[in-house]
There are 2 protein chains.
Amino acid sequence: MQIDTYLRGKGLKITPARKSILEILLGQHEPLDVQSIIKELHTLDIQSDPATVFRTMNVFLEKNIVRQVQLMEGKVRYEILDQKEHHHFICRKCESISDISDCNISILEKKIEELKGVAIEHHALEFYGLCSKCLKSTKRKSV
Amino acid sequence: MQIDTYLRGKGLKITPARKSILEILLGQHEPLDVQSIIKELHTLDIQSDPATVFRTMNVFLEKNIVRQVQLMEGKVRYEILDQKEHHHFICRKCESISDISDCNISILEKKIEELKGVAIEHHALEFYGLCSKCLKSTKRKSV
DNA sequence: TTGGGTGCAAAACGTTTGCACCAAT
DNA sequence: ATTGGTGCAAACGTTTTGCACCCAA
């Protein structure tokens, strides 16, 4: 299985929990917090402890398998760290999260690096507002 | 005093704690977490409870006096919500925080709004990496 | 066999809340 | 006098840690 070789390649032991967590994150379109991961594991008939999931996420972070996402919720979400960079749009009404992949931050980063003499390694960018659906329903009501 | 009139204008009662917290935030160049605010209050010989500071910050948030900043620390920082938009650069080595004020995100926002049909109300943008000082010392060592 | 992963419980934090008291209007 | 802010303690949710046990290598 490729998940096994992938984990082995990262120098990690293969365990049912790790494999399932990785599969869940790979099949996910939005970043998940630990409780959601546990819920997803439960639907696969795998029960797991928060401590284990947190520890797994910290290992995945060190190995650059996932990255953290913070959405002003008082908790951390995790998502697969894949090649194509993207950001998130969070609707303040329906709380949906959608990907924003067409904004080229790297140009901006280069400008800042030159201007400030810093080396930017990564960034966090999230947009908050009303999604198209909620925007329409708001307009309807206000008319 | 103008702080008094400002708070009164926001419909808030004036108390020593509130005035001092506001003054501290106004005189600060980087966003502060609640513990740091309490420490600053202490240097002014004002002792205050975390609960009070958290409550004050929540009131300030509602009144649009401050905004929250999250820097992947597991806690929230607060900074005065002023007219000129800026972002933050956090050095992973010396943990210094500097303002980045010359990046025009609004152009990007308009593009996203058109493309996705959403209404962006605000955003969070932080850059992480090495500041110019730490970058230099890293280079020196590696040579 | 051995190093490392796991579950459980406890602890550590940041943050919120209930309540009695006190201060600003 | 009344409204609302404060301190203290307790509660809450997220995340970490210690320890004994168990599993993958």
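In what follows, chains carry the letters A, B, and so on, assigned in the order in which the sequence lines appear, proteins first and then strands, with residues in each chain numbered from 1.
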Margin query: Which is more 5' along DNA chain D, the nucleotide nearest A/Arg77 or the one nearest B/Arg18? Just name the residue.
Written below: B/Arg18
Notebook entry, point to check: Are the side chains of B/Ile21 and B/Leu41 in touch, meaning some heavy atoms are under 4.5 Å apart?
Noted result: yes
Notebook entry, point to check: Where the side chain of A/Thr52 is concerned, which of C/dC8, C/dT6, D/dG7 is the nearest nucleotide?
Noted result: C/dT6
Next item on the list: Assess whether atom CD of A/Glu95 is packed by more than 12 heavy atoms of other residues, nucleotides or ligands within 6.0 Å.
Entry: no
Check: Does B/Arg55 make a side-chain donor-acceptor contact with the base of D/dG7, cut-off 3.5 Å?
Finding: yes
Next item on the list: Look at B/Thr56 and D/dG5 and indicate whether a side-chain polar atom (N or O) is within less than 4.0 Å of OP1 or OP2.
Entry: no
Notebook entry, point to check: Given C/dG14, D/dT17, D/dT16, which nucleotide is nearest the side-chain atoms of B/Phe54?
Noted result: C/dG14
Notebook entry, point to check: Is there a donor-acceptor contact under 3.5 Å from the side chain of B/Glu113 to the main chain of B/Ile120?
Noted result: yes
Next item on the list: Under 4.0 Å between any heavy atoms, over every strand shown, what does A/Val59 touch: base, sugar-phosphate, or nothing? Just pick one.
Entry: nothing
Notebook entry, point to check: If you write DNA chain D from 5' to 3' in dot-bracket form, with Watson-Crick or G-U pairs under 3.5 Å, [ ] for crossing pairs and | for pairs with another strand, what do you get?
Noted result: |||||||||||||||||||||||||
Next item on the list: Would you mind classifying the nucleic acid contact of B/Glu73 as base, sugar-phosphate or nothing, using non-hydrogen atoms under 4.0 angstrom?
Entry: nothing
Note to self: Nearest to the B/Thr15 side chain among C/dG7, C/dA24, C/dT15, which nucleotide is it?
What the structure shows: C/dA24
Note to self: Does A/Lys75 reach a base, just sugar-phosphate, or nothing at all? Heavy atoms under 4.0 Å.
What the structure shows: sugar-phosphate
